[in-house]
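Reviewing the structure listed below.
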Amino acid sequence: MGDVFCSSFVTSFSSSLNSSQPIFPPNQRLRKGLVSFSYISSVTGSSSSVGFRARKQLASVKVHATVTETEQPKWWERNAGPNMIDVHSTQEFLNALREAGDRLVIVEFYGTWCASCRALFPKLCRTAGEHPDILFLKVNFDENKPMCKNLNVKVLPYFHFYRGADGQLESFSCSLAKFQKIKDAIMLHNTARCSIGPPRGVGDLNLGSLSAVKEKQAESTAT
């Protein structure tokens, strides 16, 4: 009976296009929703395929939203700008200090699991944005434990200040509640000056000793 009705409907519809007469006979009054559904069924051949495509599009939208959410960077991966750099090795650390020249360098030692580091980080990013002339280095404690041990980093977050031939200026631990310590250190050390001579070493940490330690570790791993 459904096939007979659809066939009758298509015939009536085709005739109405030519004659401009009503599609349905007076004794076959149908609701608007049923007319729309029957028309889609006649043209596409299957109303279920339309529903399937709609569900497929909805599924693709949901998957896209989920992927976008997972691609958001973790809090420690966000940088304020070109003057905030992630350091992944001792060599990168030393190179950054050497290439900074007379610029003030602020080094933050942090842990991805450290709640105090996470709370302080947004304010540190704003400070970096306010001082584009200062170089900010981020050192992940867990990725650079030997270097952090040599630099006597025992609590997080921890900060070092360096500048050119003056070498290390000061170091201290700082939390969000005591962030003024960082601002005061910037006011003290970020003054106009010209260093005479090459940048100094990092306290007891220098390129030669670290290279020797690195080679020794590589040999022990090989054996």
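Start at 1 with the first residue, then count along the sequence. Side chains included, hydrogens not; waters and symmetry mates left out as well; all remaining heavy atoms used. Just so we're clear, the structure is a prediction, and the values are computed from it rather than from any experiment.
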Please report the closest heavy-atom contact between Cys117 and Gly111, naming both atoms and the distance. SG-N, 3.7 Å
Is there a chain of hydrophobic side chains (I, L, V, M, F, W, Y, each step under 4.5 Å between heavy atoms) that links Leu169 to Leu94? no
Just grab all the ring-ring contact (aromatic ring centres under 6.0 Å, His included) pairs involving residues 129-155, residues at least two apart or on different chains. none
If you round to the nearest 0.5 Å, how far is CG of Leu120 from SG of Cys125? 9.5 Å
Flag yes if Phe172 and Val155 sit in one hydrophobic cluster, no otherwise; membership is Ile, Leu, Val, Met, Phe, Trp, Tyr, and two members link when side-chain heavy atoms are under 4.5 Å apart. no
Rounded to the nearest 0.5 angstrom, the SG-CD1 distance for Cys174 and Ile182 is 4.0 Å
Distance in Å, Asn140 CG paired with Glu108 CD, rounded so as to fall on 0.5 Å steps: 10.0 Å
Just how far is it from atom CE of Met147 to atom OG1 of Thr90, taken to the nearest 0.5 Å? 5.0 Å
Indicate yes or no: at least one non-hydrogen side-chain atom of His160 is less than 4.5 angstrom from one of Val139. no
Angle between ring planes, Tyr162 versus Phe93, binned at 30° and 60°: parallel, tilted or perpendicular? perpendicular
Is there a donor-acceptor contact under 3.5 Å from the side chain of Arg163 to the main chain of Asp102? yes
Quick note, side chain to side chain donor-acceptor pair (under 3.5 Å) partners involving residues 109-122, not counting sequence neighbours, are Trp113-Asp142
What about Phe159 and Trp75, same hydrophobic cluster or not, with Ile/Leu/Val/Met/Phe/Trp/Tyr joined at side-chain heavy-atom distances under 4.5 Å? yes
Do Asn95 and Glu99 have side-chain N/O donor and acceptor atoms under 3.5 Å apart? no
Please check if Ile106 and Ile85 belong to a single hydrophobic cluster, counting links between Ile, Leu, Val, Met, Phe, Trp and Tyr side chain heavy atoms closer than 4.5 Å. no
In this structure, would Val87 and Tyr158 fall into the same cluster of hydrophobic residues linked by side-chain contacts under 4.5 Å? yes
Just verifying a value: how many Å separate Phe121 CZ and Leu176 CG, rounded to the nearest 0.5 Å? 13.5 Å
Can you check whether Ile134 reaches Thr127 side chain to side chain, under 4.5 Å on heavy atoms? no
Leu188: which residues meet the side-chain contact (heavy atoms from CB on, under 4.5 Å) condition with it, sequence neighbours left out? Glu170
Residue pairs fulfilling salt bridge (charged side-chain N to carboxylate O under 4.0 Å, His left out) with at least one residue in residues 125-140, sequence neighbours excluded: Asp86-Lys138
Taken in chain and number order and not counting sequence neighbours, the residues that satisfy side-chain contact (heavy atoms from CB on, under 4.5 Å) with Lys74 are Trp76, Glu77
Aromatic plane relationship, His189 with Phe161 - under 30° parallel, 30 to 60° tilted, over 60° perpendicular: tilted
Taking Lys181 for the side chain and Ser173 for the main chain, is one N or O donor matched with an acceptor at less than 3.5 Å? yes
Using ring pair (Phe, Tyr, Trp, His ring centres under 6.0 Å) as the criterion, list what pairs up with Phe179, not counting sequence neighbours. none
Can you see which heavy atom on Ala100 is nearest to which on Leu135, and at what distance? CB-CD2, 4.0 Å
Selection residues 143-154 - residue pairs positive for salt bridge (charged side-chain N to carboxylate O under 4.0 Å, His left out), sequence neighbours left out: none
Could you walk me through whether Glu92 and Leu137 pass the side chain to side chain contact (heavy atoms under 4.5 Å, CB included) test, one step at a time? CA-CA 10 Å; Glu92 289 183 11; Leu137 302 180; over 6 Å; no
Please round to the nearest 0.5 Å and tell me the distance separating atom CG of Asn152 and atom OG of Ser171. 8.0 Å
